[in-house]
S.K.: 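Mind looking over this structure? Questions follow.
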Amino acid sequence: MSVADFIANNKDRFLNELLDLLRIPSVSADPKFKKDVFAAAQFVKESLEKAGADVAEICETAGYPIVYGEKIIDPALPTVLVYGHYDVQPADPYELWDSPPFEPVIKNTAIHPEGAIFARGSADDKGQFYMHVKAFEAMMATGDMPCNVKFMIEGEEEVGSDNLDKFVLENKEKLNADVILISDTHMISMKDPSITVGLRGMSYMEVEVSGSNRDLHSGTYGGAVANPINVLCKMIASMKDENEHITIPGFYEKVQELTEAQRNRLNEAPFDPDEYKEKLAIDDVHGEKGYTTIERVGIRPTLDVNGIWGGYIGEGAKTVLPSKAFAKISMRLVPDQDWHEIATLFENHFKSIAPKSVKVKVKTHHGGAPAVVSDSSVGYQAAEAAMEETFGKRPIPTREGGSIPIVALFQKELGSDPILFGFGLDTDALHSPNEHYGVKNYFIGIETIAAFFRHFRKLSGK
C-alpha cells in the first residue's frame, strides 16, 4: 500500500484523532487549565508511540513539559526534527464563538467548501503539528520511511517558550538533525502555496497607570484629578505619529532595511487588496506610510494595544474616576531588532511621557527574536519539490508577520535553518473567536510532509 492510499483509507480515524486532541483545553496562559495542558502532553506522547516511535517521553521543565519522540531507521540516513506546540491561546471571549471552542465541529465555508474544523488550536498549532504525526504513521505503516525523525512538541509556545532555551541548550546532541520542520505558519492560498522564509520577533509589555488612592466620584473630583484611563489613552496615542511611525526614541535604529529589489520580489506574491478588505469587512487598509500591505506585515515593526481596561465596565452606569488603568501592548520586530533592547526602550519612553499627576509601572511579559531563513538550502528545495508535487504548483517564498521564538534559537544553537512548512490560511482566525482549519489543508499537509521526507533523502544524497 502506498502512503497516499494509507492516508485515504484512514481519513476518518486521522480526523477523529485530531478532534479528540482539540477537545483538550490546553490553554497555557491560564492556570485553571493546568491539568488539561498536561493531558494534552500525554495525548501527544501516546500518539507518537502508536505511530511507531521507538522513543516517546514527556520531558519535565520548570513549566509545562516538552514531548520528545524519535524513530532512528539508520544513523547513516538524514534526520528530520519536527517542532510544534500542543498549547493553545485562551478562547476568550467565549460569547463570540459560534460553537464552543473546545467542542470541535466541521462546517463548510466559502473558503473551505470541503469543510473546516472550528475549534481553538485547530490551526495554531494542533492541527498542523498533528499532520507530522500522521505522516510519520503513514510512512511507518507502509514501510516507506526514507529518513530518521525526531519530534519536539512543547506546551509553552503561546506564553513565550520560557523553558525551551534551556531544554535545547541541554539537549543539543539529542536534537541533532539535518533539517528542522515547523508547521505553524500559513500559505497565501490553496491555489498559491507558499513557504515562509521570514518571521517577525516580538516584545510583549503590560503597563499600569495609577492616579488617586481610590476610585473617585466623577462629579466631585472630575476635572481636578487625573483620570488614569484618559492619561493612558493619550500616552498610547502619542507613540505613533500621523504616518503611523513609532515615536519611541531609538526604536528603528537596528531595523534591517531591504533593497528595492528585495521589496519588489516580496510584492510579487499574489495579493488582491479588495479581496483582503472584503475578507476582513473593512473599508480600507491602515499602516505605516510608504509601505504596501505585504511589506507592513512582513518586513516592518509594529506597536499595537492588545487589551485595555480600567474603571467600571458592568451593566448600567457608574460615575467614577478610576484609580488605575491598564493595557497590554505588543511590538512585532524585524531583523536586526533585539527584543530585550526594545523592551527597555519602551519602558524608558513610556515612563518619560507620563505626567506628574500619575504613576506608571511597566512589566515585560515575554518576547522573541525575528528570523530570516534561507530559500536555497537542501531543506527548502525538498519542501519546494514536495509542495509542487501535491499542489501542482511551485510555492512562493514569503515573509510572515507572526512570531515563532524557536526559529532564531534553532538557527543559533542547532546550526540549522528551520523550514517553515505551514498549511493554514490567513483567514483561519488564529487567536480569535471561531478559529478554524480546513479539512483539505489537514490532509494535503499530511501528504506533502510525507513527500518532503522522500525528496529530502534524495536531495541529501544519502
Side-chain angles (χ1 to χ4, degrees), residues 25 27-35 37 62-63 89-97 101 120 156 158-160 162 202-242 244 246-251 302-332 339-367 431-433:
V27 180
S28 54
D30 191 337
K32 74 180 181 183
F33 294 105
K34 182 176 181 178
K35 289 183 178 179
V37 180
Q89 280 275 317
D92 312 72
Y94 282 71
E95 65 272 14
L96 295 184
W97 285 77
R120 174 57 87 225
E156 296 183 321
E158 298 292 6
V159 289
D162 286 347
M202 183 170 66
S203 190
Y204 195 100
M205 318 296 291
E206 182 173 330
V207 297
E208 174 188 311
V209 175
S210 301
S212 56
N213 59 3
R214 65 186 187 279
D215 288 354
L216 301 175
H217 189 289
S218 65
T220 303
Y221 294 96
V225 177
N227 182 326
I229 296 179
N230 292 357
V231 173
L232 174 60
C233 290
K234 187 175 181 179
M235 292 170 68
I236 290 172
S238 76
M239 287 195 287
K240 286 187 180 181
D241 64 18
E242 67 277 6
E244 290 296 304
I246 297 164
T247 58
I248 299 173
F251 185 85
T302 65
L303 184 151
D304 285 295
V305 179
N306 303 128
I308 186 167
W309 68 98
Y312 181 70
I313 56 172
E315 294 292 332
K318 182 181 180 183
T319 51
V320 63
L321 290 183
S323 64
K324 295 179 183 294
F326 305 84
K328 294 181 186 289
I329 299 171
S330 66
M331 292 161 285
R332 298 287 175 170
W339 78 267
H340 297 283
E341 292 179 2
I342 293 299
T344 300
L345 290 175
F346 174 92
E347 180 174 359
N348 292 341
H349 177 67
F350 198 78
K351 289 179 177 178
S352 73
I353 61 175
K356 291 183 178 180
S357 54
V358 297
K359 296 181 178 64
V360 167
K361 291 181 182 179
V362 178
K363 175 183 178 181
T364 301
H365 274 284
H366 62 267
H431 296 200
S432 301

S.K.: Looking at NE2 of His340 and OG1 of Thr364, how far apart are the two atoms once the value is rounded to the nearest 0.5 Å?
M.R.: 9.5 Å
S.K.: So, for Met235 and Phe350, which heavy atoms are closest and what is the spacing to 0.1 Å?
M.R.: CE-O, 3.2 Å
S.K.: Is Asn306 close to Tyr204 at the side-chain level, that is, under 4.5 Å between some pair of heavy atoms?
M.R.: yes
S.K.: Decide yes or no for Glu158 and His431: does some side-chain heavy atom of the first lie under 4.5 Å from some side-chain heavy atom of the second?
M.R.: yes
S.K.: Counting C-beta onward and ignoring hydrogens, is there a side-chain heavy-atom pair between Leu96 and Ser432 closer than 4.5 Å?
M.R.: no
S.K.: In terms of heavy-atom contacts, does CD of Glu95 have more than 12 from other residues, nucleotides or ligands at under 6.0 Å?
M.R.: yes
S.K.: Can you tell me how far NE2 of His365 sits from CE of Met205, rounded to the nearest 0.5 angstrom?
M.R.: 9.0 Å
S.K.: Please round to the nearest 0.5 Å and tell me the distance separating atom NZ of Lys351 and atom CD1 of Ile353.
M.R.: 12.5 Å
S.K.: Any chance you could measure Ser218, atom OG, to Asn227, atom CG, to the nearest 0.5 Å?
M.R.: 9.0 Å
S.K.: At their closest point, which heavy atom of Met202 faces which heavy atom of Ser330, and how far apart are they?
M.R.: SD-CB, 4.2 Å
S.K.: Nearest heavy-atom pair of Ile229 and Gly311: which atoms, and what distance?
M.R.: CD1-N, 4.0 Å
S.K.: Show your working on side-chain contact (heavy atoms from CB on, under 4.5 Å) between Tyr94 and Asp92 and close with a plain yes or no.
M.R.: CA-CA 5 Å; Tyr94 282 71; Asp92 312 72; 3.8 Å; yes
S.K.: Is there side-chain contact between Val207 and Ile236, with at least one heavy-atom pair below 4.5 Å?
M.R.: no
S.K.: Side chains of Ser212 and Leu321, heavy atoms from C-beta outward: is any pair under 4.5 Å?
M.R.: no
S.K.: Do Ile329 and Met239 touch side chain to side chain, with heavy atoms closer than 4.5 Å?
M.R.: yes
S.K.: From Thr247 OG1 over to His349 NE2, what is the distance, rounded to the nearest 0.5 angstrom?
M.R.: 4.0 Å
S.K.: Do Phe326 and Lys361 pass the side-chain contact (heavy atoms from CB on, under 4.5 Å) test, and can you show the C-alpha distance, the side-chain angles, and the key distance before you say yes or no?
M.R.: CA-CA 10 Å; Phe326 305 84; Lys361 291 181 182 179; over 6 Å; no
S.K.: So, for Arg120 and Pro90, which heavy atoms are closest and what is the spacing to 0.1 Å?
M.R.: NH2-O, 3.1 Å
S.K.: Please name the pair of heavy atoms, one in His366 and one in Trp339, separated by the smallest distance, quoted to 0.1 Å.
M.R.: C-CZ3, 3.7 Å
S.K.: Does the side chain of Leu303 come within less than 4.5 Å of Ile248's, by heavy atoms?
M.R.: yes
S.K.: Which distance, rounded to the nearest 0.5 Å, do you find between the CG of Asp215 and the OG1 of Thr319?
M.R.: 11.0 Å
S.K.: Would Lys240 and Asp304 satisfy side-chain contact (heavy atoms from CB on, under 4.5 Å), going step by step from the backbone distance to the final call?
M.R.: CA-CA 10 Å; Lys240 286 187 180 181; Asp304 285 295; 4.1 Å; yes
S.K.: If every non-hydrogen atom of Val358 is compared with every non-hydrogen atom of Ala354, which pair is closest and at what distance?
M.R.: CG2-CB, 4.3 Å
S.K.: Side chains of Pro228 and Lys324: closer than 4.5 Å at any heavy-atom pair?
M.R.: no
